[in-house]
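Each ligand, and each atom within it, is numbered from 1 in the order the structure gives. Excluded from the calculations below are hydrogen atoms, water molecules and symmetry mates; all remaining heavy atoms, backbone and side chain alike, are included.
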Amino acid sequence: MKQLFEFFEDKPVASVLDIGTGSGDFIDLLAHIFPGAQLIGIDPDGTVLSQARQKLPQENIQFRQMEAQHLGFPGNTFDVIAVSNALHHLPSPEMSFAEMKRVVKPSGWILISELVCDNLTPAQENQKLFHHLRSRIDRLNGIFHRETFSRQEIFGMVTACELTVKHHFEFSQWPQPETRPAELQFWKDKMQTNLKRAEGFAEYEELAARAKLFEQQISESGFQPAINLVILAQK
Ligand SMILES: C[S@@+](CC[C@H](N)C(=O)[O-])C[C@H]1O[C@@H](n2cnc3c(N)ncnc32)[C@H](O)[C@@H]1O
């Protein structure tokens, strides 16, 4: 994401917190953007944190098991707080934003990068269909996972907690849709694996019909991750 390298080029950043860090993909990017900084990634899921620790053993990157809505840090601690593709996993975005605002320094930055659900190409709509079906199956299995938000909803959350948007842009993780049959088969297989987790629920037939629709649609228009909206805000 070259825009982030350019944005932070002239800004001194010594401490970074990554919320919902998962297995560490985004904090890895942050470590490249802020090579001299101390970074902490937090996530409530101990399994993904173990994967992140194995992947990123550098001394300047630490991981802690924690929830966004209860951040165990004093106020005004971090120069940058990032939350990447995790907003729609948070049971209380309001409490989480209040916590981020508390622990970011007065001159610090809150960096949000989140998949959006509106104004997508057909190939991006297919990824949304995949993702929304998976989130529905997660919910059936008792895992908190919303559908993705619209651009307006994300801006609304930022402004509702009185953060000021200073910069924003959009980017696509893959420049072109994937259309190769072997690669599309990977997503079809992944959908079937997800669908298996819905077996035994009353919704199974409806979900299976949507999975079939997904298979048809990716054969017609390919598969491409939805657009990410990136927002840089200050308190
Ligand atoms: C899709 S992953 C995003 C991973 C990473 N940020 C990235 O961009 O690759 C969403 C993560 O949010 C985490 N999560 C779920 N509930 C959370 C909470 N209450 N506080 C912080 N993170 C949470 C999940 O465990 C999961 O690892």
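- Using the six-membered ring where Trp is involved, Trp174 and Phe223 have ring planes that are tilted, between 30° and 60° apart.
- Taken together through direct or relayed side-chain contacts under 4.5 Å among Ile, Leu, Val, Met, Phe, Trp and Tyr, Leu87 and Leu17 form part of one hydrophobic cluster.
- For the pairing with Ser221, the side chain to side chain donor-acceptor pair (under 3.5 Å) check across Thr121, Asn126, Thr179 returns one residue only, Asn126.
- Pairs of residues two or more places apart, or lying in two chains, that qualify as salt bridge (Lys or Arg N to Asp or Glu O under 4.0 Å) and include a residue from residues 131-140 are Arg136-Glu206, Asp138-Arg197.
- Atom CG of residue Leu71 and atom CE of residue Met95 lie 9.5 Å apart, to the nearest 0.5 angstrom.
- Between His167 and Phe7, the ring-plane angle classifies as parallel under the 30° and 60° cut-offs.
- Listed by chain and residue number, the protein contacts of ligand 1 are Gly20, Thr21, Gly22, Asp25, Phe26, Asp43, Pro44, Asp45, Glu67, Ala68, Gln69, Ser84, Asn85, Ala86, His89, Leu90, Pro91 (heavy atom within 4.0 angstrom).
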